[in-house]
S.K.: 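I have a structure here, written as structure tokens, and I will follow up with some questions on it.
The chains referred to below are lettered A, B, ... by the order of the sequence lines, with proteins before strands, and numbering in each begins at 1. Please read all numbers here as calculations on a predicted model, not as lab measurements.
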Amino acid sequence: MSENTIRDVFLEEAREILRHLEADLIQLEDGDDPELINRIFRYVHTIKGSSGIAGFDVVYEFTHKLETLLDMVRNGKIPVEKKLVDLLLESMDWIATGIYEEPDFDRMEALLDRTGKYHAAGGGAVSASEEEDAPAKNGPSEDKNFFFLVRASFRPMVFQSGIDPLIIMEDLTALGSVEQKRVNLKRLPELEELDPERCYLDWTVLLKTKHPRSKLDDVFIFVKDDNDITVEDITAEFVDDEKYNTMLQERKLGEILLKRGIITEEELDDVLSSQDESNRKLGDLIVEKGYADEKSIKYALGEQSRIKSRIQTTTVRVDTRKLDSLLNLLGEIVISQSSISRISEELEEQHGFRLKNALYAMDRITREFQEQIMAIRMIPIGPTFEQFRRFVRDAAADMKKEIRLDIRGAETELDKTVIEQISDPLKHMLRNAIDHGIEPPDEREKAGKKRTGTVTLNAYHQEGNIYIEIIDDGQGIDRAAIKRKGLERGLIKPGDELTDKQIHDLLFLPGFSTAENVGELSGRGVGMDVVKTNIEALRGSVEIFSEERRGSTIRIKLPLTLAIIEGMLVRVGTNVYIIPLLSIVESLQPARDHVKTVEGKGEVMLVRGEYVPLVRLYEHFGIKSDVTNPWESLVVVVESGSDRLGIMIDDLVGQQQIVIKSLENYITQSRALSGAAILGDGKVALIIDVHGMVGDLAR
Amino acid sequence: MTVINVPADISVKKVKEFHRGLIEAVDREGDLVLDFNEAERVDLAVMQVLLAAGRACRKRKKVLKIKAASEELKNQMRICGMLK
């Protein structure tokens, strides 16, 4: 692998690790979960190792110090507190700057100074990790950790030989750290029946050590022949080595403890049956029943997590451009299929029928193929949501507010492109919720609310769409203030009767802000219009719901995918256009007296008791049409959010899956078009953007 | 409460006597205190008696208190599962 490739891989890998690290550090503030601390340690450890290989020497040195600090945290020498989390977060920021920008050496010194103080507080001892892993760039380390599983069962009359097994076990444990241990007391009789000159105890110990096996053998040299002693080197199970990944299977806690000899099968059965009755955590029950100590459980949980993470690494990274290219090729297949389908129409009945049947079968496979590729593009929104924890935490602290971020529906999957583009609008809306929505703690208390406000990020699937909500339990939107601003700016007239929605929609107009002061976070009047534009560019829509003193909800509706849509092909003259099926409400031929022209609103038509604007597509795009009277044509009623619109066409052609091709910058004037598609006959059809068309009409 | 002073030279050689003393002590009223002021460490024979005594006390709803345990003794107790 060339140096540049190594560097690129590291840059990509580090970005992902830093994102996970940030989310975990924020979570650390909620409590010092050992598994979480282990994970954080591993992230830093990985960055350290990889940065060394990739030639980021300063980052390597920095992370080495940070890793030592984390090792102390892991060993309980340093308590988890806010100050520590702050230091870790700032260090993480520094690492990001050090990797992707230029290392800020002054800042590094300041951080290392604070890290050093913690080292001193934690005993200043050289941690295991400090001796661990020399830089990978210098080749494999000779000073690595070994893991040995030791089983020691002494014969009953061992004391008579002048041997004290306790001294042997002391010598053994002095060689490293005991990660798991089981002392079998089952053979120990009751006090009255005990023969104190017989040995009853035996041990199973998982030892982490830097010493080689020979050193352990030395400990047992005088007892190994006539006692039951086994020393098993299981280091491989604790090394992040690719070749072991294929052997890994996700293991349950009980299985790990059983394999390590920490609990017996009978004990496991016992706790499992108790668990069935009590529904409590297996680890807690094992400790309660005295089968293993807490440290052993924590370690086994850590091991379980390591196995999981190694299993996760068996996935393959694929450049999304390759996926896009695959999708494009599939799009070409769909187009060719349509061409063949057209040919089948022209063939004489018997051959045409056979070809059509074959095409139906092919169509099924193509659709499944498409779904599989789309599924690869789909990624959960969770990590995007998680990255906001830090932002909410810091922004709340800046505003002297107490805010908790609640994340729901993290497993909801969205097209990767949508996720990439939704991040900034989400951040903006979160900023608004923090700045304008959630009240200061004292104010909340006075209003009978909890001092800590909650901002919720929620995602879910519904009717072929994805919904993302930003919910806050703050003061709600002051509609009177918005109206006042609207009047001042001449956006509305005095006496205008506005619905709540119409008032909220004013917030999406460029430069509109009701903030008294321009805050650090928001209130500059730029943003919500950009948010709306960005969401509409994703063929989505955004709506605001708010209740005074109870809070607000901003709901974003997005399509499942950006690459393929179900479309309705419509004809106007010789041109074919595509209307996304999800936007279509119905199609109808209006009665002559249902079409009217209203001053200030233009042409409208009556649809089920409601007048909707009518757009003559041939006029809108300046093309020729077969019919010019709406009552002789067909009208497709579409909706965008709560707005409806009638689109006048000559005829409906049919429904089909459409692979969207970007128009790039060829057509920029009209917002009413979102892309193009190649049809079966090779012609290009333009795709109508319903949101954009509504926007064009509003202008 | 019964207090037993554990002698400095306690080991397998004197464990029988120590064992007998504990059997009597656990049946007396009140908690049992083992004072390790003199004994820095023990051997496994003694440790097994301590473990059995602890179990006997628990059965009788008594507390076995270990007084003045040295760091070395505490480590030994940890190895034998008597201390976390």
S.K.: Drop me the distance from A:L194's CG to B:L22's CG, to the nearest 0.5 angstrom.
M.R.: 10.0 Å
S.K.: Count the heavy atoms belonging to other residues, nucleotides or ligands that lie under 6.0 Å from CE of A:M157, then report whether that count exceeds 12.
M.R.: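 More than 12 within 6.0 Å, yes.
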S.K.: Just so I understand: if I count every heavy-atom pair under 4.5 Å between each of B:S11, B:G81, B:A53 and chain A, which residue has the most?
M.R.: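 The answer is B:A53.
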S.K.: Considering only heavy atoms, which portion of A:R182 lies under 4.5 Å from any heavy atom of chain B: side chain, backbone, both, or neither?
M.R.: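 A:R182 has no heavy atom closer than 4.5 Å to chain B.
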S.K.: If you count heavy atoms of other groups shown closer than 6.0 angstrom to CD of B:E17, is the number above 12?
M.R.: no
S.K.: Quick check on B:K13: does its NZ atom have over 12 non-hydrogen neighbours (other residues, nucleotides or ligands) under 6.0 Å away?
M.R.: no
S.K.: Taking everything shown except B:K61 itself, do over 12 heavy atoms lie less than 6.0 Å from its NZ?
M.R.: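 Open: at most 12 neighbouring heavy atoms sit under 6.0 Å from NZ of B:K61.
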S.K.: Which heavy atom of A:L188 sits nearest a heavy atom of B:A52, and at what distance?
M.R.: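 It is CD2-N, 3.9 Å.
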S.K.: Could you pull out the closest heavy-atom pair between A:P189 and B:R55, with the gap in Å?
M.R.: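 Smallest heavy-atom distance, with atoms named: O-NH1, 3.6 Å.
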S.K.: Out of the candidates B:R58, B:R60, B:K59, only one should pair with A:E190 under the salt bridge (charged side-chain N to carboxylate O under 4.0 Å, His left out) rule; please name it.
M.R.: B:K59
S.K.: Ion pair present between A:E192 and B:R20, side-chain N to carboxylate O less than 4.0 angstrom?
M.R.: no
S.K.: I would like to know whether B:D43 and A:F159 meet side-chain contact (heavy atoms from CB on, under 4.5 Å); could you show each step before the answer?
M.R.: CA-CA 10 Å; B:D43 62 15; A:F159 299 143; over 6 Å; no
S.K.: Checking A:L185 against chain B: side chain, backbone, both or neither under 4.5 Å from a heavy atom?
M.R.: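 Both backbone and side chain of A:L185 come within 4.5 Å of chain B.
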S.K.: Chain B: which of A:D164, A:V205, A:V178 shares the most heavy-atom pairs with it under 4.5 Å?
M.R.: A:D164
S.K.: Go through A:L166 and B:Q48 one step at a time and tell me if the side-chain contact (heavy atoms from CB on, under 4.5 Å) criterion holds.
M.R.: CA-CA 10 Å; A:L166 188 48; B:Q48 288 185 148; over 6 Å; no
S.K.: If I take atom CD1 from residue A:I167 and atom CG from residue B:L44, how far apart are they, to the nearest 0.5 angstrom?
M.R.: 10.0 Å
S.K.: Which heavy atom of B:I79 sits nearest a heavy atom of A:W203, and at what distance?
M.R.: O-NE1, 2.8 Å
S.K.: Side chain, backbone, both or neither: which part of B:V26 has a heavy atom under 4.5 Å from chain A?
M.R.: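 Just the side chain, heavy atoms under 4.5 Å.
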S.K.: For residues B:V12 and A:E197, report the shortest heavy-atom separation together with the two atoms involved.
M.R.: O-OE2, 4.2 Å
S.K.: Taking A:L172, A:V183, A:L191 one by one, which has the highest count of heavy-atom pairs under 4.5 Å against chain B?
M.R.: A:L191
